[in-house]
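Computed from a predicted model, the values in this text were never measured in an experiment.
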Amino acid sequence: MNRFQTVSRLLAAAALLLGAAAAHAQPSFDARLGAGLDALRSDGLTQSQLAFTGSFTPEVLFDAGHGRAWYSLDAGNADASGDWASLHHALGARYRLDFGGDALQAFVGGSAELQRNGDAWEDAGYDALQAFVNLQGRRAGPLTLRGGLRAARRTFDGLPAMDQDEAEGFASALLNFESRTTAIAELRFGGKSWAGDPFGYVPTAPVVPGTVLGGRGAGRGSAGPLTLPATTPVTPASPLPAADARQWTALLRLAQGLGERTGLHVQATLRGLSGEPAPLRLETPAGYFDDGVLDDPYASELRAVQAGLTRTWGESAVLRLTGEWRQRDFPAAGTASAPLDARRDRVWRGLARLSLPLFAQRTGDFDLGLAVDYAYTLSHSTDAFYEYRHHLAGLSVTLSR
C-alpha cells in the first residue's frame with residue numbers, strides 16, 4: 001500500500017470516529033455530487049470536457065455547542081489527457097471559551113490537511129498543519145469587534161523548494177444598523193517563508209490545462225498548476241533560493257437587506273506585497289481562484305470589486321448572483337537561468353447558483369436538494385496562457401442533516 005492510500009484510509013477512519021461520537025453529541029453532515037460541462041476558448045481554439053466533483057463533510061458539536069470537530073473530503077477529476085484526479089482531506093476541531101458571560105469569546109483550534117493529486121500534477125500535493133486563536137467582543141450597540149492569529153506549516157513532497165511557514169493576523173469591525181445595513185471593515189497582515197532548493201526543480205509530468213467543476217473554496221480545479229514558460233525551463237542546475245514575503249489585505253463590505261427575502265452586497269478588496277517572491281510560481285488553470293495555497297495570496301498584488309444579490313423562496317430555495325472584477329499584478333520571479341517575467345491579469349467573472357429543495361415533505365431529518373451552477377470567466381493577461389474565455393455549467397445533488 002503506497003503512502004497516498006495509507007494516509008487516505010487513516011483520515012477516512014478519523015471521519016468514522018466522528019460518526020461514532022454522534023451518540024454523545026450533535027452530528028450533522030453535508031454531501032455533494034455533481035457533474036458539468038467545462039468549456040475553454042483560448043488562441044482561437046475551443047476545448048470542452050465533462051467534469052466531476054464530490055464532497056463530504058461530517059461534523060460533531062459537543063459540550064452544548066462550545067466544541068466542534070469536523071472532517072471534509074473533496075474529490076474531483078477532469079476528462080483530460082492523463083491522470084488529473086485530486087483528493088483533499090481535512091480534519092480539524094475548535095473550542096469556544098466564554099469570558100464575562102458572553103462579553104468576550106475566544107475560539108481556539110487547529111486542523112490537518114492533505115492534498116493528493118493524480119500523476120499529471122502530483123508535484124502540487126502537500127501536507128499542512130494549522131493552528132488558530134480568534135477573539136470576538138460582545139456587541140457594544142451595533143458594533144462587534146473581532147481579531148485573531150493563525151499559523152500554518154506546509155510541505156510539498158515533490159517540491160521541497162515550496163515548503164513553507166506562514167503566520168497571519170487580522171482585525172475586523174462589524175456594524176449592524178436598524179436600516180438593515182451591515183458594514184464590515186477588515187485588515188489582515190501576514191508573512192510567509194519558503195525553504196528553497198539548491199538542486200532546482202524539474203516537473204515529473206508534462207503540464208496540460210484542464211479544470212474540474214466546483215470543489216473546495218472559490219474555484220478549486222483539477223489541472224496542472226506548474227506551468228513554467230516553455231522558453232525558461234527550470235533544470236537541476238538552477239538552484240532555487242529561500243525567500244520571505246509579507247502581504248497586507250484590506251477589505252470593506254456593505255450588505256443591504258431589500259425586504260424579507262432579498263439581500264444585496266458590495267465588496268472591495270486591496271492587497272499589497274513586500275519582500276521576496278516565492279522560488280516558484282504555482283500557476284493555475286482557467287477558473288481556478290482563491291484556494292489560498294496553490295493560488296497563493298503572496299504571489300500577486302490585488303485590486304478587486306464584487307457585487308452580489310441573494311433571493312430566497314420558501315424555506316430552502318435560494319438564487320445567488322455574483323459579479324466580480326479583479327486585477328492581479330505578479331512580480332518577476334525565478335532565477336537568473338530560469339526567469340519568470342512580471343505578469344498582470346485583468347479578470348471579469350460572473351457566477352450564478354440556484355439551489356432547490358427536493359421532496360421536502362418526505363425526507364424527514366435529511367435535506368435533499370438540487371443545485372444548478374453557471375460560471376463565466378473572461379481573463380486578459382500579459383501571459384498568453386491566461387488569455388481565455390471560460391464557461392462552466394453544472395448540476396449537483398446535495399444531501400445534508
Quick check against the 3.5 Å criterion: does [X] have a side-chain atom that pairs as donor or acceptor with the backbone of [Y]?
X	Y	value
Gln256	Ser179	yes
Asp291	Leu294	yes
Arg116	Tyr126	yes
Tyr95	Gly109	no
Asp329	Arg344	no
Arg271	Ser300	yes

Hey, what do you get for [atom1] ([X]) to [atom2] ([Y]), rounding to the nearest 0.5 Å?
X	Y	atom1	atom2	answer
Leu174	Glu186	CG	CD	10.5 Å
Arg326	Asp345	CZ	CG	10.0 Å
Leu358	Phe366	CG	CZ	15.5 Å

* Do you know which two heavy atoms are closest between Arg32 and Ser396, and how far apart they sit? ->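 Smallest interatomic distance, heavy atoms only, reads NH1-CB, 3.2 Å.
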
* side chain to side chain donor-acceptor pair (under 3.5 Å) between Thr182 and Asn176, worked out -> CA-CA 5 Å; Thr182 300; Asn176 279 315; 2.7 Å; yes

* Residue Arg96 excluded, over 12 heavy atoms near CZ under 6.0 Å ->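 More than 12 heavy atoms, drawn from other residues, nucleotides or ligands, come within 6.0 Å of this atom.
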
* Tell me whether the guanidinium CZ or amine NZ of Arg94 lies under 6.0 angstrom from the six-membered ring centre of Phe107 and within 45° of its axis. =>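 No; the conditions do not both hold, so Arg94 does not lie above the ring face of Phe107.
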
